[in-house]
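In what follows, chains carry the letters A, B, and so on, assigned in the order in which the sequence lines appear, proteins first and then strands, with residues in each chain numbered from 1. For the numbers below, each heavy atom of this structure counts, side chains included, while hydrogens, waters and symmetry mates do not. These numbers were taken from a predicted model, which means no experiment stands behind them.
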Amino acid sequence: MDGKEVAGMEKIRVRFAPSPTGPLHIGGARTALFNWLFARKNNGVMVLRSEDTDLERSSAESERNIVRDLKWLGIDWDEGLEVGGPYAPYRQTERLDLYRQFTERLLAEGKAYYCFCSEEEVEEERQRQLSRGETPHYHGKCRNLSREEQERCLKEGRQAVVRFRVPEGEKVVVEDVVRGRVEFDSDGVGDFVLVKSDGLPTYNYACVIDDYLMKITHVIRGEEHLSNTPRQVLLYQAFGWQPPKFAHISLILAEDRSKMSKRKGDTAVEQYREKGYLPEAVVNFLALLGWSPEGEEEVFFLEELVKQFDLNRVSRAPAVFDMDKLKWLNGHYIKNSSLERITELAVPYLQEAGYLTGELTPEQWNWVKMVVASVREYPTCLAEIIDYVDVFFNDEIEFEQEELKEILQQEQVPRVVEALYEALDQTPELTPETAKKVLRDICKGLKLGGKKVYMPLRIALTGSNHGPELYELIAILGKERVASRINRALAGVGK
RNA sequence: GGCCCUAUGGUCAAGCGGUUAAGACACCGCCCUUUCAAGGCGGUAACGGGGGUUCGAAUCCCCCUAGGGUCACCA
């Protein structure tokens, strides 16, 4: 710290620092979003850093997927993975030399020490303490080893970890932007590990060094890290660094108020993408989980979210993931996005279901667009669209209920059908609009109520008494298929 | 169990000492309508409990209860 920084004047820098040990979790996505919104709102810098110090569980593939899903959501970053930046590298396993330097410093100052206890020993002691009802802490057997003893063990080649010497009897204060002042007692934390026996830093350690070196001003992360924060604050103090401001946002809970898990529904962003949720719906939904806008409007695109976002309006209570609301938002965006885009997104599902095969000609494309237009108000996610399109593809009409056939036997039906065929003959270009007019004219010409005209035709064409707009259906099917379906249906009831 | 966080309708939540306690989703009803939807309008529904402080508490304090987090050589 050069001491010249004036509070509030420094450039805001935030980071999203996932560990690439699996897909991007919905909670992680929200953390990333809040960081991003805060950075963009305040003209700050967003950093993406990979915390890959768990060699066992980290994978390049997970990292790629996380990056892909962040981009999909519309979250970008100014520094970090892929884009680089002044504090590169942004992958912790590539920063090992840096950590080593700071470890030496702590060791030299006696603020950290080598510990030669085996994992088994430590675990045994932990169990003993637990059974006595005590808070399990490192017992400190190696805490008071002299420098010489440490050297000797090291020379013997014994496996060692580096532990932080936690000062005794100190109040550790965390100033949290969303929670206020939170106090901890340093005696509540044992001498935690800084460097693992494989030479890699632990989370609490690497995180502090990186946040410091990368000049992070605000650490916005999940509440599960709140209890880690005193350890980190102690480290900042040991180094004589000014800690960043913390903002711990509450967790997202499953419907039964327990932690979200795979068993209780989809927890990964990619699962929502694959089901045909739109990124703007997911973002909008996530933003509303734990944050609330000032006004009454709740439907926001990313840009509007940026304008509205305020860390002071982040709620402290954990939030239940409300699937119904996500579905509603997604349905809203499906209905209101451009037809071209929704069609593009819907086609893969239609292909997968076998309704479409191969490349689409421009004519087919336009036809599919009409299909999408007539059903897109139904699905809550695009994968569901296949539940509504069968009527356009399958000419083998099955009657949902036999009673519906009775409607086909109503006395006006032959007249209606005749009028329809005649009108269709005189309609060179069949579109939803012209079809609509045809139907209206039939009602007028025959002096029949809509129900008498629409219902038999709908049933003859679809086998059901409900479904998409009839005039759209007629335009989409075309004259030939309309005629053949009606003829077949009427023949089926002996007309 | 220790430590920490949290507590307004079923859910997300506004509220930051004085309000008829917003709004959204879900649910119910009505309207629109050829059907189902969509849309429009309306409705049901909440301050966990107990003590304080105060002229006055959803709002401030304490206790209880409940839920969550965390106590790793995982992050």
Side-chain angles (χ1 to χ4, degrees), chain A residues 17-21 51-54 56-58 92 115 117-119 122-123 126 129-138 159-163 174 176 178-180 182-185 187-190 192-204 206-207 222-231 248 250-251 253 255 257-259 285 288-299 313 315-329 331-332 335 375-378 388 439 443 449-459 462 464-471:
Chain A
S19 65
T21 53
E51 307 220 328
D52 57 346
T53 54
D54 184 343
E56 293 286 306
R57 299 194 304 147
S58 296
Q92 290 188 326
C115 170
C117 296
S118 69
E119 282 189 70
V122 175
E123 178 57 25
R126 214 176 80 87
Q129 292 173 325
L130 229 35
S131 66
R132 264 184 272 142
E134 294 169 14
T135 309
H137 283 323
Y138 176 66
Q159 265 217 335
V161 299
V162 177
R163 281 185 192 274
V174 176
D176 193 285
V178 344
R179 268 149 234 285
V182 185
E183 287 188 7
F184 296 85
D185 193 331
D187 295 337
V189 302
F192 56 94
V193 173
L194 259 23
V195 182
K196 304 183 266 185
S197 54
D198 62 5
L200 285 155
T202 57
Y203 163 71
N204 283 120
C207 169
E223 197 198 319
E224 72 267 28
H225 291 296
L226 184 54
S227 338
N228 273 320
T229 310
R231 292 182 178 77
H248 288 95
S250 60
L251 265 21
L253 269 28
E255 209 166 344
R257 300 212 133 263
S258 69
K259 204 172 172 176
F285 173 70
L288 258 18
L289 226 45
W291 170 81
S292 63
E294 218 168 324
E296 290 189 348
E297 184 61 43
E298 295 196 3
V299 179
R313 297 189 65 85
S315 118
R316 286 166 310 222
V320 170
F321 189 92
D322 183 1
M323 199 60 204
D324 280 334
K325 191 151 185 175
L326 207 211
K327 284 180 175 174
W328 175 80
L329 273 166
H332 172 85
K335 284 190 273 283
V375 300
R376 69 156 151 179
E377 61 201 47
Y378 299 109
Y388 304 95
L439 292 170
C443 292
K451 206 161 192 163
K452 293 275 188 195
V453 173
Y454 287 81
M455 248 358 211
L457 291 178
R458 170 180 296 286
I459 290 165
T462 69
S464 167
N465 58 355
H466 60 259
E469 287 289 353
L470 195 56
Y471 56 85

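- Here rA13(B) sits opposite no nucleotide as a Watson-Crick or G-U wobble pair (both hydrogen-bonding atom distances under 3.5 Å).
- Inter-residue side-chain proximity for Lys325(A) and Glu298(A) is flagged as met; some heavy-atom pair is nearer than 4.5 Å.
- Heavy atoms of His225(A) sit under 4.0 angstrom from at least one base atom.
- Spacing between rU54(B) and rG18(B) at atom C1', rounded to whole Å, works out to 12 Å.
- Using a 4.0 Å heavy-atom distance criterion, Gly467(A) is classed as a base contact.
- Reading RNA chain B from its 5' end, the first and the last nucleotide to sit under 4.0 Å from a heavy atom of chain A are rG1(B) to rA75(B).
- Atom NZ of Lys335(A) has more than 12 neighbouring heavy atoms from other residues, nucleotides or ligands inside a 6.0 Å radius.
- Residue contacts for Ser19(A): at a heavy-atom cut-off of 4.0 Å it reaches the sugar-phosphate backbone alone, with no base atom in range.
- Nucleic acid contact class of Tyr378(A) (heavy atoms, under 4.0 Å, all strands): base.
- Judged by closest nucleotide on RNA chain B, Ser250(A) is the one of Ser250(A) and Glu469(A) placed further toward the 5' end.
- Nucleic acid contact for Lys259(A): sugar-phosphate only, since backbone atoms but no base atoms lie under 4.0 Å from a heavy atom of the residue.
- rA66(B) and rU6(B) make up a base pair, with Watson-Crick or G-U wobble contacts both under 3.5 Å.
- Across rC27(B) and rC63(B), the matching C1' atoms stand 38 Å from one another, rounded to whole Å.
- Residues Tyr203(A) and His225(A) form a side-chain contact, since some pair of their non-hydrogen atoms from C-beta on lies under 4.5 Å apart.
- The gap from the P atom of rG68(B) to that of rA75(B) amounts to 25 Å, rounded to the nearest Å.
- Enclosure of atom CD in Glu183(A) by more than 12 non-hydrogen atoms of other residues, nucleotides or ligands within 6.0 angstrom is indicated.
- No more than 12 heavy atoms of other residues, nucleotides or ligands sit less than 6.0 Å from atom CD of Glu255(A).
- Residue contacts shown for Ser292(A) are limited to sugar-phosphate atoms, with no base heavy atom under 4.0 Å away.
- Comparing rC64(B) with rC4(B), their P atoms sit 13 Å apart, to the nearest whole Å.
- Comparing the C1' positions of rA58(B) and rG48(B) gives a spacing of 12 Å, expressed to the nearest Å.
- Annotation: Gln159(A), atom CD; neighbour count of heavy atoms from other residues, nucleotides and ligands within 6.0 Å does not exceed 12.
- At a threshold of 4.0 angstrom between heavy atoms, the contacts of Asp176(A) with the nucleic acid are absent.
- Here the side chains of Pro201(A) and Glu51(A) are not in contact, with every heavy-atom distance at 4.5 Å or above.
- When both distances must be under 3.5 Å, the Watson-Crick or G-U wobble mate of rG18(B) is rC55(B).
- Nucleotide rC36(B) forms a pair with no other nucleotide shown, judged by Watson-Crick or G-U wobble geometry with both contacts under 3.5 Å.
- A distance of about 13 Å separates the C1' atoms of rA21(B) and rA57(B), rounded to the whole Å.
- Rounded to whole Å, the P atom of rC25(B) lies 34 Å from the corresponding atom of rC61(B).
- Applying the Watson-Crick and G-U wobble criteria (two distances, each under 3.5 Å), rC71(B) pairs with rG1(B).
- Among the heavy atoms of the strands lying under 4.0 Å from Arg57(A) is at least one base atom, whether or not backbone atoms are also near.
- Along RNA chain B, the nucleotide nearest Asn465(A) and the nucleotide nearest Leu288(A) are compared for position; the residue whose nucleotide lies closer to the 5' end is Leu288(A).
- Residue contacts shown for Phe321(A) are absent, as no nucleic acid heavy atom lies under 4.0 Å away.
- Taking atom C1' on both rG50(B) and rU65(B), the two are 10 Å apart, rounded to the nearest angstrom.
- For Ala160(A), the side chain to side chain contact (heavy atoms under 4.5 Å, CB included) partners at least two apart in sequence or on another chain are Tyr114(A), Phe116(A), Leu154(A).
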